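Here's the structure, in structure tokens; my notes come after.
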Number of protein chains: 2
Amino acid sequence: MKINSFLKNIFLFSELTETELNNVASVSALKRVRKGQHVFEEGDTATSFYAVAHGAVKVFKINEEGTENILHVQNDGDLIAEAVLFGIKRYPANCAAIKDSTIISIPKEGFVDLILRNPKLSIKFMSAYSRRLKGFVDKIEALSNSVEQRLSVYLIEHSVRSKGRQVCELDISKKDLASLLGTSPETISRTLNRLEKQDKIAIESNKRIIIRQ
Amino acid sequence: MKINSFLKNIFLFSELTETELNNVASVSALKRVRKGQHVFEEGDTATSFYAVAHGAVKVFKINEEGTENILHVQNDGDLIAEAVLFGIKRYPANCAAIKDSTIISIPKEGFVDLILRNPKLSIKFMSAYSRRLKGFVDKIEALSNSVEQRLSVYLIEHSVRSKGRQVCELDISKKDLASLLGTSPETISRTLNRLEKQDKIAIESNKRIIIRQ
DNA sequence: CGTTGCGTTGATCTCTATCAAAAAAGGTGG
DNA sequence: CCACCTTTTTTGATAGAGATCAACGCAACG
């Protein structure tokens with residue numbers, strides 16, 4: 001079974017026995033989603049939660065004016081909409097792929113029982129929750145800072161040291177980046193230029209930014 | 001034991017047997033905090049989590065400029081800092097009473113074991129988490145709306161029908177309300193006046209607002 | 001190549017923060 | 001209950017960050 005190998009890489013399931021893993025795998029489904037394609041939409045009846053096997057998805061809301069607001073981006077191994085297990089009847093937000101991705105859909109049916117039989121699983125769930133919660137707290141706090149600060153933090157947190165330089169490869173579109181940081185594409189563009197003028201960054205290409213010192 | 005009666009009113013503990021309740025109670029402590037007094041501060045070593053027995057507390061961050069940013073307000077029966085149970089070593093935010101309150105402090109020591117022995121407890125924890133998470137999602141989304149909209153939502157959500165009128169009793173200071181809604185007291189004041197001019201509300205007194213139709 | 005969506009640039013506008021100061025409300029002690 | 005002090009709230013004036021609108025260049029793609 002192919003799903004099994006994916007499941008093993010997901011932190012949540014690392015405590016399960018082979019048999020349990022098989023049980024989960026037998027009811028789960030691998031799903032390929034192309035960039036831009038939706039996984040679920042706000043208000044849909046929630047029967048499954050998901051895990052990202054490979055790729056990246058955005059979880060977002062759309063307000064009355066039609067503006068998209070990205071809550072978070074989930075990458076390899078991350079869970080999506082696990083709140084489904086705890087009473088939520090409809091998805092509270094939208095989810096769509098921002099790269100071609102492979103995701104695993106796991107029906108909630110029967111999963112609560114699995115948790116009840118595997119208390120350690122619940123601890124894992126909760127630590128995943130804690131992290132998510134922490135992320136949201138940081139995000140709420142960040143929203144009181146300026147766009148320049150939020151963008152700087154994003155660039156630094158998504159950069160890696162390479163050949164003595166601190167490099168940030170932008171793996172999401174600037175439109176999505178704007179939405180994630182709660183601003184507009186225009187402001188992102190202008191702020192990047194400003195940061196470059198201040199010699200804080202160097203824009204090497206559209207998708208690659210060097211962070212100075 | 002006085003703590004026992006408080007514990008029973010907390011959703012989280014409603015599934016425990018009398019013995020377990022006693023066990024929790026025996027290591028817990030009732031704590032009275034006066035309005036304004038701190039429960040814990042960001043960065044403090046986290047050894048306990050809390051439940052509000054009676055009163056209200058605010059959980060907040062303070063940014064570099066010293067501005068206070070309220071994440072959420074917790075009332076009777078709500079948990080505080082339960083993330084302590086799942087690996088967090090230091091409190092990630094501050095907590096202070098906004099009314100004279102009684103809170104229960106529960107040492108994390110031994111509590112994880114209790115969860116492992118009571119899987120249902122973990123489900124309760126997780127549903128509490130879900131709610132918190134949902135609250136944060138709403139808050140992040142709301143921050144992209146105008147202050148007028150955020151304030152309107154707050155007023156409506158905190159109002160009750162009474163004698164044929166929809167009444168909102170403000171039980172927190174406008175300063176705190178401003179911080180909770182991510183704005184300034186001045187803007188709250190002005191926005192309330194604007195809403196009244198638009199006949200959307202009637203300001204009956206400093207602490208009581210009538211919502212029109 | 002035309003089309004379509006993304007990114008940049010320019011110009012403008014408005015919401016909201018901020019500063020300052022007065023007014024109102026709460027507490028406290030006599 | 002009053003006088004006094006502190007904190008909160010309101011009001012006014014001002015400035016600035018960032019949204020929005022519009023237009024254009026650009027790359028991807030059928």
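Below, read A as the first sequence line, B as the second, and so on, with proteins coming before strands; counting in each chain starts at 1. Everything quoted here is computed from the prediction, not taken from an experiment.
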For residues 170-177 of chain B, which residues have at least one heavy atom under 4.0 Å from DNA chain D? B:Ser173, B:Lys174, B:Lys175
First and last nucleotide of DNA chain C touching chain B, 5' to 3', heavy-atom cut-off 4.0 Å? C:dT16 to C:dA25
Using the side-chain contact (heavy atoms from CB on, under 4.5 Å) criterion, which residues pair with B:Arg34? Sequence neighbours excluded. B:Gln37, B:Asp100
Ring-face cation of B:Lys139 near B:Phe136 (centre distance under 6.0 Å, axis angle within 45°): no
So, for A:Ser48 and A:Pro107, which heavy atoms are closest and what is the spacing to 0.1 Å? OG-CA, 3.6 Å
With A:His158 via ring pair (Phe, Tyr, Trp, His ring centres under 6.0 Å) - residues at least two apart: A:Tyr154
Residues that A:Phe40 engages under ring pair (Phe, Tyr, Trp, His ring centres under 6.0 Å), provided they are two or more places apart: A:Tyr50, A:Tyr91
B:Ile70 to B:Asp176 - nearest heavy-atom pair and separation: CD1-O, 3.4 Å
May I have the step-by-step check of side chain to side chain donor-acceptor pair (under 3.5 Å) for A:Gln166 and A:Ser159, ending in yes or no? CA-CA 6 Å; A:Gln166 199 68 25; A:Ser159 67; 3.0 Å; yes
Any sub-3.5 Å donor-acceptor pair from B:Asn193's side-chain atoms to B:Arg190's backbone N or O? no
Can you run down the ring pair (Phe, Tyr, Trp, His ring centres under 6.0 Å) pairs that involve residues 192-213 of chain B, sequence neighbours left out, and say none if there aren't any? none
Could you tell me, to 10°, how much the axis swings from one end of the helix from C:dC1-D:dG30 to C:dG30-D:dC1 to the other, five pairs per end? 50°
Strictly under 4.0 angstrom, non-hydrogen atoms only: write out the protein contact profile of nucleotides 14-21 of chain D, one letter per nucleotide from the 5' end, B, S or -. ----SSBB
Classify every nucleotide of nucleotides 24-30 of chain D by which part a protein heavy atom approaches to under 4.0 Å, writing B for the base, S for the sugar-phosphate alone and - for neither, in 5'-to-3' order. -------
With the threshold set at 4.0 Å, does a side-chain nitrogen-carboxylate oxygen contact exist between B:Arg132 and B:Glu82? yes
Salt bridge (Lys or Arg N to Asp or Glu O under 4.0 Å) pairs, two or more places apart, involving residues 151-167 of chain B: B:Arg165-B:Glu204
Ring pair (Phe, Tyr, Trp, His ring centres under 6.0 Å) involving B:Phe6 - partner list, sequence neighbours excluded: none
Under 6.0 Å from the ring centre and within 45 degrees of the ring axis: does the NZ or CZ of A:Lys58 meet both conditions for the six-membered ring of A:Phe60? yes
Rounded distance (nearest 0.5 Å) linking atom CD of A:Gln74 with atom CD1 of A:Ile98: 10.0 Å
With sequence neighbours excluded, residues passing ring pair (Phe, Tyr, Trp, His ring centres under 6.0 Å) with A:Phe125: A:Phe86
